[in-house]
Amino acid sequence: MPELPEVETTVRGLKEAIVGRRVREVEVTWERTLANASPAELGAALAGVTIADVTRRGKHVVLHFADGAALAVHRRMTGNLLVRPPGAPTEPYTRLTLRFDDGSELRFVDIRKFGRASYHRDQAALAAFFAQVAGPEPLEDLTPQRLAALLARRRGRLKPLLLDQTFLAGIGNIYADEILWTAGLHPERRADSLAPAEIGRLADAIRDVLLAAIERRGTSLRDYRDSDGERGDNQRFLAVYGRAGAPCPRCGAPIEKRWLGQRGTHVCPRCQPIHAGPPPDHMGETRAGERCGPERL
DNA sequence: CCACGATCCTGCTAGC
DNA sequence: TGCTAGCAGGATCGTG
């Protein structure tokens with residue numbers, strides 16, 4: 001569910017809400033949520049410790065504690081991190097709760113139980129963890145030159161590569177489809193086949209699509225909520241994702257849905273030709289940000 | 001290195 | 001109305 005823009009939105013909300021709060025106790029209601037510790041170990045490690053900062057790395061929310069330790073939370077498909085005041089009724093599907101000194105709570109609510117939290121005793125351990133699971137941040141200095149180097153000698157197809165978190169950290173199924181449409185690139189293009197102009201379009205699309213979605217506080221199709229429980233707005237601006245059969249906002253051709261790497265994939269057959277080459281003439285008629293209409297709320 | 005299938009889970013919905 | 005198959009913002013592991 002949550003991809004980079006949703007995680008970024010959540011992190012900004014959590015920073016406001018819980019930095020400076022001190023953990024009184026930890027409650028674990030679904031043990032497998034904890035990836036590398038027992039409930040007792042996590043409780044002992046966090047009791048009495050203050051939240052010093054909240055950051056994002058890829059799709060992970062990272063809670064940093066005053067003692068240098070950190071808790072990395074990956075929400076997978078349906079997980080949400082909600083801040084609730086003292087005495088607020090518990091949400092169903094709550095898997096993990098940090099209760100603070102003032103009685104307020106941070107709750108990890110996750111219908112499908114895929115989400116995971118991992119505890120890291122210090123910065124070195126945290127860095128080692130992310131070295132394993134997360135590649136470069138797509139919003140930090142992703143120049144066309146750098147993207148070209150990343151794509152070189154990659155023989156796989158574009159979309160599965162964008163979904164590979166060690167290639168770039170934070171892009172998921174929605175934004176991969178939106179990015180490739182924005183760049184006018186077919187998801188099955190071989191990654192090392194892009195011309196320099198195409199790499200430039202891809203770098204621009206990655207930045208533009210992700211930044212626009214952050215500005216709209218993320219995409220809420222069904223389950224995603226921010227730390228206040230609010231929905232995002234970006235679902236109203238999707239060009240291809242979830243719009244099979246509907247007209248392409250740029251050229252009007254019906255959006256196709258196909259299956260690629262076990263993921264539903266949405267593509268405009270006219271704007272995203274499978275063969276390498278210059279973009280179709282109509283590319284650029286619509287600028288990023290003004291695409292889409294109200295036909296799908 | 002790359003593709004594919006199975007697995008972990010629950011809820012919703014389209015179609016019969 | 002009621003049931004069921006299939007699908008869902010993800011990642012990992014094993015096989016070929």
Side-chain angles (χ1 to χ4, degrees), chain A residues 1-11 29-36 56-61 72-81 91-96 108-118 129-130 132-135 138 150-181 187-193 209-210 212-214 216-226 231-245 257-266 296:
Chain A
M1 158 200 80
E3 309 180 30
L4 188 153
E6 292 74 39
V7 180
E8 181 64 29
T9 302
T10 302
V11 162
T29 36
W30 182 252
E31 283 208 32
R32 300 185 65 168
T33 301
L34 303 187
N36 64 351
R56 181 188 62 73
R57 180 75 175 88
K59 298 175 187 171
H60 297 257
V61 172
V73 180
H74 194 307
R75 296 140 78 183
R76 297 283 175 94
M77 297 286 262
T78 56
N80 279 315
L81 285 164
E91 284 82 5
Y93 313 113
T94 299
R95 311 298 181 197
L96 171 68
F108 182 58
V109 178
D110 181 24
I111 294 176
R112 288 179 73 181
K113 300 178 174 173
F114 287 168
R116 294 290 181 267
S118 58
F129 171 67
F130 282 129
Q132 287 247 329
V133 300
L150 289 171
L151 290 167
R153 291 175 301 282
R154 301 297 301 240
R155 305 165 65 87
R157 298 166 296 182
L158 265 185
K159 176 162 175 190
L161 195 58
L162 287 179
L163 293 179
D164 179 349
Q165 300 301 296
T166 63
F167 177 74
L168 284 176
I171 297 169
N173 208 34
I174 294 179
Y175 297 111
D177 283 3
E178 295 296 310
I179 285 166
L180 290 169
W181 176 83
E188 295 182 58
R189 282 285 300 282
R190 227 178 85 151
D192 65 0
S193 76
V209 167
L210 295 178
I214 290 171
R216 298 172 186 135
R217 305 182 54 81
T219 302
S220 293
L221 291 181
R222 19 155 56 89
D223 299 307
Y224 166 68
R225 299 292 183 275
D226 70 13
R231 299 168 61 92
D233 287 327
N234 197 62
Q235 61 278 9
R236 301 192 288 128
F237 298 88
L238 297 176
V240 287
Y241 188 89
R243 298 190 64 249
K257 183 171 183 185
R258 54 181 71 207
W259 210 250
L260 216 185
Q262 284 99 256
R263 311 298 298 274
T265 297
H266 309 78
R296 187 173 180 285

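Every chain is numbered from 1, with letters handed out A, B, ... down the list of sequences. Predicted model only: the values in this text are computed from it and were never measured.
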Inset, instruction - May I ask you to decide if A:Gly58's main-chain N or O and A:Arg56's side chain share a donor-acceptor pair within less than 3.5 Å? - result: yes
Legend entry - A:Glu178 side-chain N/O to A:Ala176 backbone N/O, donor-acceptor pair under 3.5 Å: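 Answer holds: no.
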Regarding [X], tell me which of base, sugar-phosphate or nothing describes its non-hydrogen contacts under 4.0 Å with the strands shown.
{"X": "A:Gln165", "value": "sugar-phosphate"}
{"X": "A:Tyr175", "value": "nothing"}
{"X": "A:Arg157", "value": "sugar-phosphate"}

Length of the [atom1]-[atom2] vector between [X] and [N], whole Å:
{"X": "A:Leu162", "N": "C:dA11", "atom1": "CG", "atom2": "C1'", "result": "16 Å"}
{"X": "A:Arg112", "N": "C:dC7", "atom1": "CZ", "atom2": "P", "result": "13 Å"}
{"X": "A:Phe167", "N": "C:dT12", "atom1": "CZ", "atom2": "P", "result": "17 Å"}
{"X": "A:Asp110", "N": "C:dA8", "atom1": "CG", "atom2": "P", "result": "18 Å"}
{"X": "A:Asn36", "N": "C:dA11", "atom1": "CG", "atom2": "C1'", "result": "16 Å"}
{"X": "A:Gln132", "N": "C:dA11", "atom1": "CD", "atom2": "P", "result": "15 Å"}

Legend entry - Within 6.0 Å of CZ in A:Arg190, more than 12 heavy atoms from elsewhere: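 Atom CZ in A:Arg190 is packed in, count exceeds 12.
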Inset, instruction - Return yes when atom CZ of A:Arg217 has more than 12 non-hydrogen atoms of other residues, nucleotides or ligands closer than 6.0 Å, and no otherwise. - result: no
If I pick the [atom1] atom on [M] and the same atom on [N], what distance separates them, to the nearest angstrom?
{"N": "B:dC8", "M": "C:dC3", "atom1": "P", "answer": "26 Å"}
{"N": "C:dG6", "M": "B:dG5", "atom1": "P", "answer": "15 Å"}
{"N": "B:dC9", "M": "C:dG2", "atom1": "P", "answer": "30 Å"}

Inset, instruction - For DNA chain C, produce a single dot-bracket line, 5' to 3'. Pairs: Watson-Crick or G-U wobble, both distances under 3.5 Å. Symbols: ( ) within strand, [ ] crossing, | other strand, . unpaired. - result: .|||||||.|||||||
Evaluate the side-chain proximity of [Y] to [X]: yes if any heavy-atom separation is below 4.5 Å, no if none is.
{"X": "A:Val109", "Y": "A:Thr94", "value": "yes"}
{"X": "A:Leu221", "Y": "A:Ile174", "value": "yes"}
{"X": "A:Val133", "Y": "A:His60", "value": "yes"}
{"X": "A:Phe108", "Y": "A:Thr29", "value": "no"}
{"X": "A:Tyr224", "Y": "A:Thr10", "value": "yes"}
{"X": "A:Tyr93", "Y": "A:Asn80", "value": "no"}

Legend entry - Single hit among A:Asp233, A:Leu238, A:Thr9 for side-chain contact (heavy atoms from CB on, under 4.5 Å) with A:Thr219: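 Single side-chain contact (heavy atoms from CB on, under 4.5 Å) partner of A:Thr219 among A:Asp233, A:Leu238, A:Thr9: A:Leu238.
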Legend entry - Presence of A:Lys59 side-chain N/O under 4.0 Å of C:dA11 phosphate oxygens OP1/OP2: yes
Inset, instruction - May I ask you to verify if any side-chain N or O of A:Lys113 is less than 4.0 angstrom from the OP1 or OP2 atom of C:dA11? - result: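 Looking at the OP1 and OP2 atoms of C:dA11, neither is under 4.0 Å from any side-chain N or O of A:Lys113.
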Show each protein N/O and nucleotides 13-16 of chain C N/O combination with a separation under 3.5 Å, one pair to a line.
none

Legend entry - Outermost nucleotides of DNA chain B that come under 4.0 Å of a non-hydrogen atom of chain A: B:dC2 to B:dG11
Inset, instruction - By nearest nucleotide on DNA chain C, pick out whichever of A:Trp259 and A:Leu163 is the more 5' one. - result: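 Nearer the 5' end of the strand: A:Trp259.
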Legend entry - A:Gln262 or A:Arg154, whichever maps to the more 5' nucleotide of DNA chain B: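 Upstream on the strand: A:Arg154.
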Inset, instruction - Output yes when A:Glu6 and A:Arg75 qualify as a salt bridge under the 4.0 Å nitrogen-oxygen rule, no when they do not. - result: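 Salt bridge between A:Glu6 and A:Arg75, a charged N being under 4.0 Å from a carboxylate O: no.
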